Enquirer: 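I'd like to ask you about the structure that follows.
Just so we're clear, the structure is a prediction, and the values are computed from it rather than from any experiment. Read the numbers this way: they start at 1 and go in the same order the structure lists the ligands and their atoms. Computed from heavy atoms alone, side chains included, the values below leave out hydrogens, waters and symmetry copies.
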Amino acid sequence: MKSTAKSELYRKLPSVNEATYSSAVTSLAAGYGRESAVDAVRVVLARLRQEITSGLLGEGALDLALSGLADAVEKQLRQSLSYSLRPVINATGVILHTNLGRAPLGDAALEHIRETAASYSNLEFDLESGERGKRDVHVDRLFRKLLSSDLVEAESPASAAALRAGGTAEAAVSTPATIATQAQVSTPAVSTIVVNNNAAAVLLALNSLADGGEVIVSRGELVEIGGSFRIPDVMVKSGAILREVGTTNRTRVADYEQAITDRTRLLLRVHRSNFEITGFTEQASTAELVALARRRGIPLMEDLGSGALFDLRSIGISGEPGVLDGLRSGVGIVTYSGDKLLGGPQAGLISGGSELIRRMRSNSLFRALRVDKLIYAALEATLLAYVQHDHDAIPTLRMMRLAKDAIGERAEALAARVATPKLRVEGIDGESILGGGAAPSSILPTRLLALTCEGLSADELAARLRASDPPIIARVEDGRVLLDLRTVFPEQDEALESALATIGRDA
Ligand SMILES: *Cc1c(COP(=O)(O)O)cnc(C)c1O
């Protein structure tokens with residue numbers, strides 16, 4: 001009985017041809033192109049067929065759907081011809097959110113991409129000699145400035161205390177130059193090369209320095225980063241042989257020393273990006289490892305992961321080693337990401353002594369892992385902002401330095417404009433998260449907006465926010481939706497307000 005009814009419903013569906021030649025769809029085809037229109041007709045009819053099969057469409061609903069066929073086809077056409085990759089509003093408070101594209105780029109970076117990529121450029125062309133040049137010169141010169149300590153810097157370092165106290169004054173950021181001036185130490189000449197991401201940087205470094213030989217790593221540092229980057233697996237791909245030492249919770253410098261043989265090519269330290277080991281723990285200090293590496297003539301490499309180019313202490317976060325910390329303490333090679341704490345485009349950076357870097361540059365893997373001109377343009381602009389101490393030009397740095405009170409004021413103002421009896425909005429204390437492989441404890445105090453909406457669960461409310469245009473991504477905690485304006489650009493406040501007003505009205 002039921003299946004007969006279904007077969008009658010199927011018969012009501014027009015063929016793709018019939019539907020395409022109906023007058024409404026024909027005019028759509030004139031606007032969007034026949035091929036796209038036919039594809040859209042196919043998708044819409046297949047969906048109706050599917051809905052009949054699953055019993056979702058009765059006769060009345062099907063008649064209604066068929067009368068609106070042209071509209072459905074147009075909607076499908078628009079959707080299929082619009083971008084899949086699109087901007088979203090990040091209201092999660094996770095500053096370097098890997099799923100949301102990590103660091104947003106600043107205006108200077110975008111403008112530099114536009115001006116160099118829309119035209120020809122001197123990417124690999126030496127304008128002076130008129131001969132072939134190297135693409136890495138464009139950023140190596142800036143890394144040299146940032147990673148050598150002979151710059152004189154008058155600017156005073158940040159007032160982290162004021163920030164922790166929730167003061168409204170914006171904290172300044174200490175950069176390597178300021179740190180170095182304070183510490184009065186100098187680093188030897190450092191070179192930097194750029195590859196596709198930090199995973200590629202680790203692969204290239206291991207392959208260049210340790211192919212066929214052994215690399216000593218603590219068992220407490222055999223980490224997995226999200227997206228299936230596992231140190232032991234990368235080691236296998238690089239051709240190096242992993243030599244684990246110590247235990248999960250305790251590894252001493254003597255453990256490294258005892259494992260050294262004539263096959264040892266590298267000592268490797270890996271930053272525990274996404275977890276902490278607490279309790280009965282011990283880790284060889286960087287100074288001890290540097291001394292061991294020097295004594296035995298074996299290079300020491302540190303995979304920093306996030307690798308900040310500014311002093312995190314200036315925003316009240318301690319215990320996260322920066323790029324210059326590593327190099328200054330004598331680590332031979334450091335690897336880090338371009339789009340984590342550095343705040344630039346996706347890239348993997350390898351900084352270290354010129355001889356070790358030269359070995360990586362001459363590896364044919366380097367050619368396979370290299371980055372394009374768009375990345376060089378964005379990276380050069382980002383580094384130039386560091387050199388000029390223009391930290392506000394780097395969006396993630398600006399977000400990290402926002403004071404809790406300033407975020408709170410914006411949040412209160414927004415709450416006052418959108419709250420309705422149905423949509424309750426409350427300001428509460430909370431934490432923003434650095435993310436992107438900074439230690440799990442790397443958090444900043446913030447003010448959150450906690451939302452509840454009559455008739456909607458927290459998950460349903462979060463789904464409504466995601467369905468807004470642009471989509472709004474929020475945190476859901478304890479049956480509430482939480483919004484953190486730290487990661488929302490002020491120019492997005494209006495879109496956020498209108499989405500919330502719509503939900504408050506229609507819910
Ligand atoms: C994030 C991270 C990586 C991977 O970096 P990508 O730039 O995402 O490839 C590798 N090692 C550590 C320690 C990290 O934190």
Enquirer: Tell me if a side-chain donor or acceptor on Asn249 pairs with a main-chain N or O of Thr281 at a distance below 3.5 Å.
Expert: no

Enquirer: I'd like to know if the side chain of Arg398 and the backbone of Asp392 have a donor-acceptor N/O pair within less than 3.5 Å.
Expert: yes

Enquirer: Check whether any side-chain N or O of His138 sits under 3.5 Å from a backbone N or O of Asn122 as a donor-acceptor pair, and report yes or no.
Expert: yes

Enquirer: Less than 4.0 Å between a side-chain N and a carboxylate O, is that true for Arg132 and Asp126?
Expert: no

Enquirer: Check for a donor-acceptor pair, side chain of Arg265 on one end and backbone N or O of Pro299 on the other, with a separation under 3.5 Å.
Expert: no

Enquirer: Applying a heavy-atom distance cut-off of 4.0 Å, which protein residues contact ligand 1?
Expert: Arg102, Asn197, Asn198, Ala199, Ile225, Phe229, His271, Ser273, Asp303, Gly305, Ser337, Lys340

Enquirer: Can Glu380 and Leu142 be said to form a side-chain contact (heavy atoms from CB on, under 4.5 Å), step by step?
Expert: CA-CA 8 Å; Glu380 184 178 28; Leu142 297 172; 3.7 Å; yes

